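Below: one structure, written as structure tokens.
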Amino acid sequence: MSVFRRVRPVLVLAALVPAVMSAQAPQFSDAVRAFIRVQAPVVVLTDVRVIDGTGAPARPNQTLVIRDGVIAAIADAGRMTPPDGATTIDLAGRSVMPGMVMVHEHLYYPTGPGVYGQLGESFIRLYLAGGVTTMRTGGNVNGFMDMKLKRLIEAGQKAGPAIDATAPYLNGPNTFDQMRELEGPADARRQVAYWADEGATSFKAYMQIRRDELAAAIEEVHKRGMKITGHLCSVTYAEAADLGIDNLEHGFLASTDFVPDKQPDVCPGQQGGQRTIAALDENGAPFKALVKKLVDKKVALTSTLTVFETFTPGRPMPPGLDVLLPQLKEQFEQNYKRTAQSTQSIYTTLLPKAFALERAFAKAGGVLIAGTDPTGGGGVIPGYSNQRQIELLVEAGFPPLEAIRISTLNGATYLGREARVGSIAAGKQADLVVIDGDPSKTIADVRKVETVFKRGVGFDPAKLIASVSGKVGLW
Ligand SMILES: [Zn+2]
């Protein structure tokens, strides 16, 4: 009869075997404690709308019990008596969705010509404030920062999402000041082994890598039970899929598969590829053949619409610019003005094409995951960008519940963390975003984040944002 009966054994079990049933947060430093709004052994959220991240319809009037960092029970209101001594929070009018799991994040930002500033300290707070509780950094020009921050967050010394930390880029000859150049397949293997030993949990190949280096890197990464993605150019998507890559970044906008005179191992320029993509027919045989290959080989595709939006004339000003250092804010506003005045921009065609191609890929059974890529010419601000990415997926034609699934459960499944995070279900870690509104109907409500629970601890987004506001660019 009452759901409470089914709930009881779970609660008792949790008390008996905390090591198995608990996702309890670590001891937090004072600095982290300053951002916490809710922390108690048992927290009960009442009268809340649950958007569980699986794509299932939202369920109104739910009671959700969090015990020792884990979702102990979810039931219709009135069908469960909250446990004694619990901290109860009335969430009438609010929704909870899973903490976002996004996979093309960075701890760096374009601060000046040829320079990416290492902004890990502010970015991890902004990501958490925006509702991101797990993220993969999609490439690294920091050296050790991604790995170190991952550990410090896990240890409770800093506030931020759980991080899948990517090693420095694996790339061929390039002009980036902060990027190494591989010297062949043996070197690729050596790089992977070194960074894996240093604690990297993910790898990324970049635009000038050669096929033999990519093949060697993939083999070494897989030998260690990890995954590798690529923002490619010199290697086509089809070639990379055949070599066994796990993931490709930027939807189809980095594909050079359709460049007619493409030379093997040579990048024909990002624009060379993009001209062919802008002209690509999403219903045509060549595109369908590529999609089939990616689906057959189970290659996931990362949508990063946020960064492309900043290149496109006529788009709204991106959210979150006020957190930037004034000089960086002004720098982006100048870029924005220049973009707005550009009448020849390929992105006018390319952004809607990206929408159509990603939709076609997902419809054909492809695994679409989401990220935001805070690089380009600036303006992609962590946390704010993750909310914007979900809005853009809806603009691309995905129903809100589907856009939320792509940004939560799909990411968790790709990262192999779906048993613990990515959706709201009893037994999973209590990583939840409390939203003042209903994003299952009005997607813009994803911007109204009130509290972000990570392992059952509720963080205050306003405090996290205030702690960095006006300083993002310095640290
Ligand atoms: Zn990137």
Side-chain angles (χ1 to χ4, degrees), residues 100-111 114-120 123-124 126-127 130 132 135-143 145-146 149 161 163-172 174-180 195 200-209 214 217 227-235 237 240 245-256 267 270 273-274 300-311 318 332 347 350-351 354 358 368-386 388-389 392 407 411 414-415:
M100 296 170 205
V101 184
M102 292 227 181
V103 297
H104 192 132
E105 309 318 318
H106 290 298
L107 300 180
Y108 66 85
Y109 182 91
T111 49
V115 174
Y116 292 99
Q118 309 307 322
L119 306 185
F123 275 20
I124 54 175
L126 288 172
Y127 275 120
V132 180
M135 69 185 203
R136 178 186 68 185
T137 51
N140 167 348
V141 291
N142 307 319
M145 190 192 258
D146 294 29
L149 285 177
I163 296 178
D164 195 359
T166 302
Y169 291 87
L170 299 164
N171 199 12
N174 68 78
T175 55
F176 287 95
D177 295 355
Q178 291 154 296
M179 208 180 279
R180 196 176 173 281
W195 287 106
T201 48
S202 185
F203 290 84
K204 183 169 174 190
Y206 206 57
M207 294 173 65
Q208 282 82 19
I209 197 167
L214 181 58
K227 288 183 173 175
I228 177 168
T229 190
H231 168 176
L232 301 178
C233 181
S234 50
V235 181
Y237 281 23
I245 203 164
D246 300 293
N247 185 194
L248 293 161
E249 299 303 307
H250 306 304
F252 289 94
L253 267 50
S255 158
T256 50
C267 169
Q270 192 86 86
Q274 290 186 340
L301 193 73
T302 306
S303 168
T304 62
L305 297 169
T306 37
V307 69
F308 297 123
E309 181 179 43
T310 60
F311 302 151
F332 176 73
Y347 283 96
L350 210 45
L351 186 68
E358 289 178 12
L368 192 66
I369 52 186
T372 68
D373 194 7
T375 62
V380 180
I381 311 300
Y384 297 93
S385 61
N386 303 84
R388 182 65 185 151
Q389 170 66 19
L392 287 171
S407 308
Y414 174 80
L415 296 177

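Both ligands and their constituent atoms are indexed starting at 1 by order of listing. From a predicted model like this one, the values you see are computed outputs, not experimental measurements.
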Original post:
Any N/O/S atom of His106 sitting less than 2.8 Å from the Zn ion (ligand 1), backbone or side chain?
Top reply: yes
**OP:** Rounded to the nearest 0.5 Å, what's the gap from CD1 on Ile163 to CZ on Arg136? Could you check?
**Re:** 13.0 Å
**OP:** State whether Asp373 contributes an N/O/S atom found under 2.8 Å from the Zn ion (ligand 1).
**Re:** yes
**OP:** Compute whether any side-chain donor of one residue and acceptor of the other, for Thr201 and Asp164, lie under 3.5 angstrom apart.
**Re:** yes
Original post:
Taking atom SG of Cys233 and atom OH of Tyr206, what is their separation to the nearest 0.5 Å?
Top reply: 9.5 Å
Original post:
Can you tell me if His231 has an N, O or S atom under 2.8 Å away from the Zn ion (ligand 1)?
Top reply: no
**OP:** Assess the pair His250 and Phe308: is the distance between their ring centroids shorter than 6.0 Å?
**Re:** yes
